[in-house]
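Before any comments, here is the structure.
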2 protein chains.
Amino acid sequence: MTGTSNRSVERAFRIVDELAENGSGRVSELAERLDMPVSTVHNYLQALVSTGYVAVEDKEYSTTTRFLEVGHRQRHRLEVFKAVSDELQDIAAETGEHVTLLVEENDQCVIVAVQEGPDAVNLFAYPGARMPLHAAAPGKAILAHMPDDRVREIIDRQGLVEMTKQTITDPDVLFDQLERIREQGYAVDEGERIAGMVCLSAPVLDKGDRIRGAICVCGPQSRIDEARREEIADIVQRSANVTQVNLDYV
Amino acid sequence: MTGTSNRSVERAFRIVDELAENGSGRVSELAERLDMPVSTVHNYLQALVSTGYVAVEDKEYSTTTRFLEVGHRQRHRLEVFKAVSDELQDIAAETGEHVTLLVEENDQCVIVAVQEGPDAVNLFAYPGARMPLHAAAPGKAILAHMPDDRVREIIDRQGLVEMTKQTITDPDVLFDQLERIREQGYAVDEGERIAGMVCLSAPVLDKGDRIRGAICVCGPQSRIDEARREEIADIVQRSANVTQVNLDYV
DNA sequence: AGAACCATTCGACGGAGCCGAACGTTTACT
DNA sequence: AGTAAACGTTCGGCTCCGTCGAATGGTTCT
């Protein structure tokens with residue numbers, strides 16, 4: 001973790017990030033936005049094209065489906081993903097809401113799979129989308145099953161960023177909640193990440209009790225009252241258990 | 001398209017490719033497989049980790065979900081993908097078979113979306129998977145709607161690789177078929193890519209008659225006789241038309 | 001036809017990447 | 001437990017390769 005790095009690699013991926021962000025770009029446009037010399041950007045783009053990760057069409061550069069491919073292969077190797085198989089779909093049908101599978105990666109909470117039920121609200125949720133661990137039900141479910149010092153490290157590095165007025169920003173409050181989550185077996189989040197949304201999430205553990213991910217159901221506060229909340233909590237816990245069993249027999 | 005390149009970029013992506021291929025890897029393992037000095041690979045991996053595209057856990061390096069994210073964003077911007085919306089699902093339900101959306105990229109035919117019907121055979125098909133254009137129904141549907149000299153260029157660069165005994169390897173035969181495909185509005189492939197599989201595919205064109213992609217249904221030869229073939233051909237053509245209309249109104 | 005803009009090529013300079021070797025650390029075997 | 005082998009990581013000096021200004025060629029305006 002020393003400062004050792006490689007300028008070219010860093011720059012190449014800054015260009016990729018820029019392309020991913022804005023969909024496509026021309027040489028000079030990118031050069032300006034990234035504050036690099038035009039000829040340099042041109043060189044990088046040529047190099048990227050020759051790798052197959054970037055394509056040109058009429059001087060418009062864009063990322064290729066190679067990213068999809070690499071991403072999908074990687075996802076396929078995530079054992080949780082295999083184990084969760086049709087569970088997500090079942091939950092989506094049963095609850096009608098927005099269902100996701102998330103894992104931890106680089107101190108963040110990442111969506112791995114999305115399944116929208118018939119009544120699902122349109123969230124900005126797609127595979128690969130990231131969010132802070134502390135500011136959402138699945139993230140908290142994951143933190144609850146990590147060693148305390150690991151949690152503290154994450155807080156140190158990432159802080160407890162406020163996403164809405166409900167977001168937990170006090171470490172003590174967070175640790176209290178994590179304890180409760182361990183006791184009751186699932187996590188709740190009431191507008192802590194997105195105002196007006198309630199999320200319920202259960203952790204998926206493997207046989208060594210290591211945390212592998214979390215299953216999450218999200219819906220608007222107006223539709224999810226106390227009773228419904230308990231019902232959904234039961235469903236996600238049941239599914240997490242099924243997944244856990246699948247995980248051990250893969 | 002000159003030889004101008006960037007060694008660092010090339011090497012960085014060779015490492016990524018290797019990780020994508022084998023799922024994960026350790027420093028020395030990768031160093032040997034890629035025939036690079038250990039310390040060099042170590043440097044690259046550190047650089048890649050700092051970009052967020054690669055992660056380490058217990059000295060095991062692997063690609064991150066960042067690839068999924070970039071891939072999904074890119075796919076979302078593919079207008080065909082938006083336009084095809086629920087069509088794939090409908091076809092999968094109606095035919096029971098394996099349904100895909102494909103586009104051309106870098107002289108190749110790439111799967112963009114997959115929808116498996118209830119009876120679908122388990123093909124090795126995932127978003128991002130690539131195949132030669134000449135050796136499959138969707139590829140031929142796409143070639144049929146490209147300018148002839150563009151097709152010739154592709155043949156020059158890629159050749160007509162033989163994938164099964166049925167694969168078309170003679171340019172003249174190919175050009176004859178492309179003409180027939182234009183006439184009848186859809187393409188057929190009988191075991192040209194995978195022995196024993198029949199695929200039917202219709203091209204999706206935009207209002208400028210530019211080819212944007214192809215919708216494809218695949219199933220085992222045993223199940224798809226003459227009559228069924230016509231039925232499916234009608235379905236994919238109808239869906240391609242719907243998609244085309246959507247495309248113009250997006 | 002001229003002007004403005006952009007992509008692409010070229011080449012000389014200098015700093016950044018490179019890798020062998022040394023150092024720690026983990027794993028495997030006795 | 002002790003030793004050896006294998007591996008990951010750090011270091012630093014040499015050199016090669018990336019860098020970017022300037023020139024070129026092409027395209028799209030007015």
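Just so it is clear: chains get the letters A, B, ... in the order the sequence lines come, proteins before strands, and each one is counted from 1.
Residue A/Gln158 qualifies as enclosed at atom CD: its count of foreign heavy atoms under 6.0 Å is above 12. By the 6.0 Å contact criterion, CZ on A/Arg157 is enclosed, its count of non-hydrogen atoms from other residues, nucleotides or ligands being greater than 12.
Pairing each heavy atom of B/Glu10 with each of A/Thr51, the nearest pair is CA-CG2, 4.5 Å.
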With 3.5 Å as the limit, what N/O pairs link the protein to nucleotides 22-27 of chain C?
none

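Between the side chain of B/Ser8 and the backbone N or O of A/Ser8, no donor-acceptor pair lies under 3.5 Å. One N or O on the side chain of B/Asn246 and one on the backbone of B/Ala83 form a donor-acceptor pair closer than 3.5 Å.
D/dC7 atom C1' lies 12 Å from atom OH of B/Tyr61, rounded to whole Å. In this structure, A/Glu32 places its CD atom 11 Å from P of C/dA7, rounding to the nearest Å.
With respect to A/Arg26 and A/Asp58, no salt bridge is recorded, no charged nitrogen being found less than 4.0 Å from a carboxylate O. Looking at B/Asp156 and B/Arg152, no side-chain N of the basic residue comes within less than 4.0 Å of a carboxylate O on the acidic one, giving no salt bridge.
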(request) Please report the C-alpha distance between A/Thr169 and A/Glu162 in whole Å, then the side-chain angles of each, then the deciding distance to 0.1 Å, and finally whether the side-chain hydrogen bond (donor to acceptor under 3.5 Å, both in side chains) criterion is met. (result) CA-CA 6 Å; A/Thr169 52; A/Glu162 183 177 306; 5.1 Å; no

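A/Tyr126 does not carry B/Arg75 over the face of its six-membered ring by the limits of under 6.0 Å from the centre and within 45° of the normal. Figure legend: cation-pi geometry between B/Arg212 and B/Phe81 absent, as NZ or CZ is not positioned both under 6.0 Å from the six-membered ring centre and within 45° of its axis.
The overall bend of the helix from C/dA1-D/dT30 to C/dT30-D/dA1, read as the angle between its terminal helix axes built from five base pairs each, is 50° when rounded to 10 degrees.
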(request) Encode nucleotides 16-22 of chain D as B, S and - characters from 5' to 3', where the letter depends on protein heavy atoms closer than 4.0 Å: B to the base, S only to sugar-phosphate, - to neither. (result) -SSBBB-

